[in-house]
Amino acid sequence: MGMEGAENELVRQRLEKQAGIEAIDGVRYPNDFRIAGFVADAVAAAGDKDGPALEATPIEVAIAGRVMAVNSFGKAAFLRVRDQSGTLQAYVKKDAVDEATFERLKLTDIGDIVGVRGALFRTRTGELTVQAKEYRVLAKAQHPLPEKWHGLKDMEQRHRMRYVDLIVNEESREVFRTRTKVIQYIRRFLDERGYLEVETPMMHSVLGGANARPFRTHHNALDMDLYMRIAPELYLKRLVVGGFDRVYEINRNFRNEGLSNRHNPEFTMIEFYQAFATYLDLMDLTEELFRGLVQSVRGSLIAEFRGQKIDFEPPFRRLAICDALREYCGFEEADFHDPQKAFPKVLASGVAKDEAEHVWKKLGDVSPRDAALAIGMLAFEAKVEPHLVQPTFVTDFPAVVSPLSRRKDADPTLVDRFELYIGTNEFGNAFSELNDPQDQERRFQGQMAAKAAGDAEAMEYDEDYVRALTFGLPPTAGEGLGIDRMVMMLTGCDNIRDVILFPLLRPEG
RNA sequence: GGGCCCAUAGCUCAGCCGGUAGAGCAGCGGCCUUUUAAGCCGUUGGUCGCGAGUUCGAAUCUCGCUGGGCUCACCA
């Protein structure tokens with residue numbers, strides 16, 4: 001939306017009208033109109049009173065909002081005025097107002113912010129309307145609004161000028177109201193269960209808590225390089241060490257990776273931690289959370305996502321990684337112990353040979369069992385994920401790809417961990433936390449080895465975190481959920497940019 | 001980063017087998033004091049994303065660039 005050509009003419013006309021209003025009111029942007037409530041309050045005050053009732057006992061209101069439409073008759077006009085709470089029609093007629101007020105009406109454009117004071121009545125068709133005694137233009141829309149019933153369709157414009165998108169597209173407003181509802185629901189859910197909401201640093205000097213490439217920044221006074229956090233995990237567990245047994249944080253993480261319709265560089269996660277619980281407890285909690293959330297937002301336990309009907313009635317399917325590989329990729333017991341044997345099955349599952357080799361190589365020096373499981377995960381991603389349409393807890397991940405998770409008592413090469421899949425996408429990740437500081441040291445060393453072997457996403461060795469563990473982390477389980485994806489699922493949006501108010505875009509030319 | 005597709009008036013879109021642009025809404029002027037996508041009459045508005053090329057002539061064909069969408073890869 002440039003400012004050249006014909007648009008200049010439209011803007012010029014509006015600036016002239018603004019000057020006309022200034023000539024009447026002596027001020028371009030008046031600040032002396034006081035509302036007496038929102039539109040919804042005015043509507044509620046009228047209730048179901050009919051025209052004669054409103055005439056018998058007049059209800060005076062003072063509302064303000066944006067003019068969304070005008071039907072003008074020359075000597076009278078109807079305006080649809082919208083504020084955050086709703087829309088109310090206003091009626092300004094020449095013989096009911098003074099000359100200056102009617103002049104303001106004539107200088108009004110669609111898009112202007114106006115204030116209206118007057119009594120409520122009902123039109124011939126019964127629509128509640130405020131008959132203006134006072135009518136003011138509070139802020140001129142110098143720029144014309146997009147067309148009234150097609151709205152703004154252009155995706156780029158909607159993202160770049162979200163303010164315009166929100167003005168004209170009710171569906172967009174609804175998406176972001178839903179987003180707020182989702183976050184409020186999760187907060188209440190956890191607050192009610194004794195979780196403490198906390199805030200931990202978003203600027204980290206040590207990279208950890210997830211496997212991802214970071215953004216880097218710099219603190220001048222300390223002359224110190226910092227990472228924008230990729231996860232809050234290690235700080236939240238420090239708080240559990242500190243005695244906050246149940247904590248959560250809802251905030252942004254930053255990962256320096258490609259953009260897609262499912263990835264924005266900054267995205268919102270909730271992470272929560274519960275002492276004296278295991279990943280099995282969190283599965284139950286997660287089922288309860290999703291059941292209540294989906295019911296609350298959708299009004300049913302069925303959500304439609306990417307053309308699939310998703311049923312959130314618990315219990316969700318539980319599927320161990322190795323069982324999934326047996327079921328979908330033809331793995332046999334021997335394949336889980338020897339990467340040479342697993343390799344052909346991984347390729348047969350649709351994984352590119354050089355990719356499989358690359359992953360194998362960047363593991364560093366690990367046992368055959370660990371290597372077999374790690375490349376088996378590639379087969380899982382390629383062949384199993386597409387089957388995970390209904391909510392599914394995928395459990396028992398390889399320890400080698402889970403540096404912060406507690407090992408399974410029955411098999412220390414696996415961990416007490418699950419990921420939640422919905423509609424073939426990963427929505428959450430949870431595990432019983434590794435609270436053995438010596439094992440954590442070894443895992444960090446493994447990450448350092450992987451980094452040395454070329455894994456750009458490996459974690460750094462966090463000495464202070466290990467020190468925290470030496471003070472004693474209670475047996476704890478923790479979980480992270482991607483808020484943006486939950487909102488996508490609950491609103492039916494296919495593009496993450498539709499659920500983020502200001503997604504990252506290239507600068508305008 | 002790879003592949004496919006898109007970019008025409010403020011907005012939504014036609015035009016695209018080459019002959020220098022149209023509609024609806026918005027705007028402007030006129031009529032209209034209960035409209036609901038108000039109506040009727042008239043009317044303004046466009047370096048057809050940017051830059052090259054082919055051609056007598058390019059919105060239209062070719063190439064490049066920019067931005068975006070879908071998709072694959074990395075990831076959540």
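Labels below follow one simple rule: chain letters A, B, ... track the order of the sequence lines, proteins then strands, and each chain is numbered from 1. Atoms considered below: every heavy atom in the structure, side chains included; atoms not considered: hydrogens, waters and symmetry mates.
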>> I need the full list of side-chain hydrogen bond (donor to acceptor under 3.5 Å, both in side chains) pairs touching residues 373-393 of chain A, with sequence neighbours left out, sorted by first then second residue.
In response: A:E385-A:Y421

> Which residue pairs pass the ring pair (Phe, Tyr, Trp, His ring centres under 6.0 Å) test with at least one member in residues 53-73 of chain A, sequence neighbours excluded?
Replying inline: none

> Excluding sequence neighbours, so at least two apart, what forms side-chain contact (heavy atoms from CB on, under 4.5 Å) with A:A42?
Replying inline: A:V61, A:I63, A:L88

>> When you measure only distances, ignoring hydrogens and angles, does the side chain of A:N71 come within 3.5 Å of the base of B:U36 through a donor and an acceptor?
In response: no

>> Using a 4.0 Å cut-off on heavy atoms, which residues in residues 116-129 of chain A reach RNA chain B? List them by number, or say none.
In response: A:F121, A:T123, A:R124, A:T125, A:E127

Under-3.5 Å N/O pairs linking protein and nucleotides 1-4 of chain B:
none

> Can you name the residues that form a side-chain contact (heavy atoms from CB on, under 4.5 Å) with A:K148, not counting sequence neighbours?
Replying inline: none

> What salt bridge (charged side-chain N to carboxylate O under 4.0 Å, His left out) pairs are there with at least one residue in residues 65-92 of chain A, not counting sequence neighbours?
Replying inline: A:R80-A:E127

> Is A:F427 stacked on the base of B:A76, with ring centres under 5.5 Å apart and planes under 30° apart?
Replying inline: no

>> Could you tell me how far apart A:E147 (CD) and B:A9 (C1') are, to the nearest whole angstrom?
In response: 13 Å

>> So if I take every side-chain heavy atom of A:F73 and compare against B:A76, B:U35, B:G68, which nucleotide ends up nearest?
In response: B:U35

> Which of residues 75-82 of chain A have a heavy atom under 4.0 Å from RNA chain B?
Replying inline: A:K75, A:A76, A:F78, A:R80

>> Test of understanding: with side-chain contact (heavy atoms from CB on, under 4.5 Å), list the residues that count as partners of A:A356, not counting sequence neighbours.
In response: A:F343, A:V346, A:L347, A:V351, A:L378

> Considering only side-chain heavy atoms of A:E355, which listed nucleotide, B:U33, B:A73, B:G69, is closest?
Replying inline: B:A73

>> Rounding to an integer number of Å, can you tell me how far A:K148 NZ sits from B:U36 P?
In response: 11 Å

> Residues two or more places apart in sequence or in another chain: which of them pass salt bridge (charged side-chain N to carboxylate O under 4.0 Å, His left out) with A:R255?
Replying inline: none

> Can you list the steps and then say if A:L481 with A:M269 is a side chain to side chain contact (heavy atoms under 4.5 Å, CB included)?
Replying inline: CA-CA 6 Å; A:L481 295 169; A:M269 290 245 318; over 6 Å; no

> Tell me, which of residues 447-456 of chain A have any heavy atom that sits under 4.0 Å from an atom in RNA chain B?
Replying inline: none

>> Less than 4.0 angstrom from a charged side-chain N to a carboxylate O is my criterion; do A:E60 and A:K133 meet it?
In response: yes

> Where the side chain of A:N261 is defined as all heavy atoms beyond and including C-beta, which of B:G69, B:U12, B:U71 is the nearest nucleotide?
Replying inline: B:U71

>> Under 4.0 Å, heavy atoms only, any strand: does A:D484 hit a base, just the sugar-phosphate, or nothing?
In response: nothing

> For residues 110-122 of chain A, which residue pairs qualify under salt bridge (charged side-chain N to carboxylate O under 4.0 Å, His left out), counting only residues two or more places apart or in two chains?
Replying inline: A:D112-A:K140, A:R117-A:E134

